[in-house]
Amino acid sequence: MARIPVTARLSIDEGELTESFARASGAGGQNIQKVETMVQLRFDARNSPSLPERVRDRVLELAGHRATAGGEIIITAQEHRSQARNREEALQRLLELLRAAAAPPPPKRRPTRPTLGSKKRRLEGKAQRGATKKMRGKPAMD
């Protein structure tokens with residue numbers, strides 16, 4: 001079978017994908033009532049030999065509601081009038097999901113402390129605001 005490239009180092013076998021077709025929902029008149037243009041693309045990520053363990057776990061996490069309890073990812077495309085365009089779109093969405101899972105995670109944030117200058121400016125601003133509020137009170141009777 002042919003391999004579908006995901007990234008430079010990762011590709012999946014075309015045989016791992018299963019497509020099913022149905023009539024799309026929504027408005028569209030005669031075309032939508034007679035032609036099966038909706039595409040459901042299924043990819044068994046949990047049992048895929050093409051995916052490394054780290055990518056497999058991450059893709060199931062990123063898939064969210066599109067992943068079943070059995071580890072299968074289901075992508076539905078029905079935006080276009082033709083079945084071919086919907087097939088392309090479903091495949092592209094799956095590849096985007098796999099690319100996002102294969103990307104390395106961003107580095108952890110290193111917490112920083114405020115600078116001395118920023119602390120001084122903050123305290124000066126607070127003091128100035130307090131002085132302004134103090135001036136609003138009634139004058140003291142001597």
Side-chain angles (χ1 to χ4, degrees), residues 1-140:
M1 279 265 158
R3 300 213 39 100
I4 302 168
V6 178
T7 63
R9 297 177 130 182
L10 182 67
S11 64
I12 57 173
D13 193 2
E14 209 174 76
E16 295 181 57
L17 303 177
T18 308
E19 291 178 335
S20 59
F21 307 100
R23 292 187 185 137
S25 63
Q30 194 170 16
N31 185 65
I32 221 159
Q33 293 167 3
K34 291 183 179 252
V35 182
E36 294 186 342
T37 57
M38 182 176 79
V39 176
Q40 245 189 10
L41 183 67
R42 293 174 175 266
F43 175 65
D44 191 2
R46 183 161 293 143
N47 301 319
S48 173
S50 305
L51 298 180
E53 191 67 34
R54 181 186 65 81
V55 176
R56 182 177 300 135
D57 295 339
R58 183 102 170 100
V59 77
L60 289 172
E61 180 185 318
L62 288 175
H65 69 278
R66 294 175 289 191
T68 64
E72 192 173 39
I73 298 173
I74 302 171
I75 296 182
T76 305
Q78 62 179 359
E79 288 80 31
H80 303 288
R81 284 178 56 89
S82 72
Q83 190 181 82
R85 295 262 317 264
N86 283 329
R87 287 178 73 192
E88 288 173 19
E89 180 160 341
L91 181 61
Q92 287 307 314
R93 281 198 237 155
L94 176 66
L95 293 177
E96 285 173 20
L97 183 66
L98 290 172
R99 284 184 192 114
K108 298 262 184 200
R109 180 187 171 274
R110 287 180 47 201
T112 57
R113 297 175 60 188
T115 62
L116 182 62
S118 68
K119 287 181 185 177
K120 285 183 179 177
R121 283 190 298 274
R122 181 179 146 269
L123 292 175
E124 287 170 4
K126 286 170 76 78
Q128 191 175 13
R129 183 80 176 141
T132 302
K133 288 186 173 189
K134 199 172 201 175
M135 293 292 288
R136 292 182 186 156
K138 291 184 179 178

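For reference, positions follow the sequence shown, starting with 1. Given the structure is predicted, the values throughout are model-derived calculations rather than measurements.
A salt bridge does not link Glu88 with Arg85: every distance from a Lys NZ or Arg NE/NH1/NH2 to an Asp or Glu carboxylate oxygen is 4.0 Å or more. A salt bridge does not link Glu124 to Arg121: none of the charged nitrogens lies less than 4.0 Å from a carboxylate oxygen.
If you take CD on Glu14 and CZ on Arg3, they are separated by 10.5 Å, rounding to the nearest 0.5 Å. The distance from atom CG of Leu41 to atom CD of Gln92, rounded to the nearest 0.5 Å, is 11.0 Å. Gln78 CD to Arg23 CZ: the interatomic distance, rounded to the nearest 0.5 Å, is 14.0 Å.
Counting heavy atoms from C-beta on, the side chains of Leu91 and Ile4 come closer than 4.5 Å. When side chains are defined from C-beta on, Asp44 does not count as touching Arg42, because their heavy atoms never get closer than 4.5 Å. Side-chain contact between Val6 and Val55 is absent, with no heavy atoms from C-beta onward closer than 4.5 Å. Within the 4.5 Å cutoff, the side chain of Arg58 has heavy atoms near those of the Glu61 side chain. When side chains are defined from C-beta on, Thr37 does not count as touching Arg81, because their heavy atoms never get closer than 4.5 Å. Leu10 places a side-chain heavy atom less than 4.5 Å from the side chain of Pro52. With a 4.5 Å cut-off on side-chain heavy atoms, Lys133 and Arg136 count as touching. Here the side chains of Leu97 and Arg66 are in contact, with some heavy-atom distance below 4.5 Å.
Panel note: side chain Arg56, backbone Ser48; a donor-acceptor pair is recorded below 3.5 Å.
The nearest pair of heavy atoms linking Ser50 to Ser11 is CB-O, 3.4 Å. Considering every non-hydrogen atom in both Val39 and Gln83, the closest pair reads CG2-O, 3.9 Å. Taking all atoms of both residues into account, the shortest heavy-atom contact from Ala45 to Ile73 is CB-CD1, 3.9 Å. Across Glu79 and Asn86, no two heavy atoms sit closer than the pair N-OD1, 3.3 Å. The heavy-atom pair separating Glu16 from Phe43 by the smallest distance is OE1-CE1, 3.5 Å. Among all heavy-atom pairs drawn from Thr7 and Ala102, the shortest one is CG2-CB, 4.2 Å.
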Salt bridge (charged side-chain N to carboxylate O under 4.0 Å, His left out) between Arg93 and Glu89, worked out: CA-CA 6 Å; Arg93 281 198 237 155; Glu89 180 160 341; 3.1 Å; yes

Working for salt bridge (charged side-chain N to carboxylate O under 4.0 Å, His left out), residues Arg99 and Glu96: CA-CA 5 Å; Arg99 284 184 192 114; Glu96 285 173 20; 6.0 Å; no

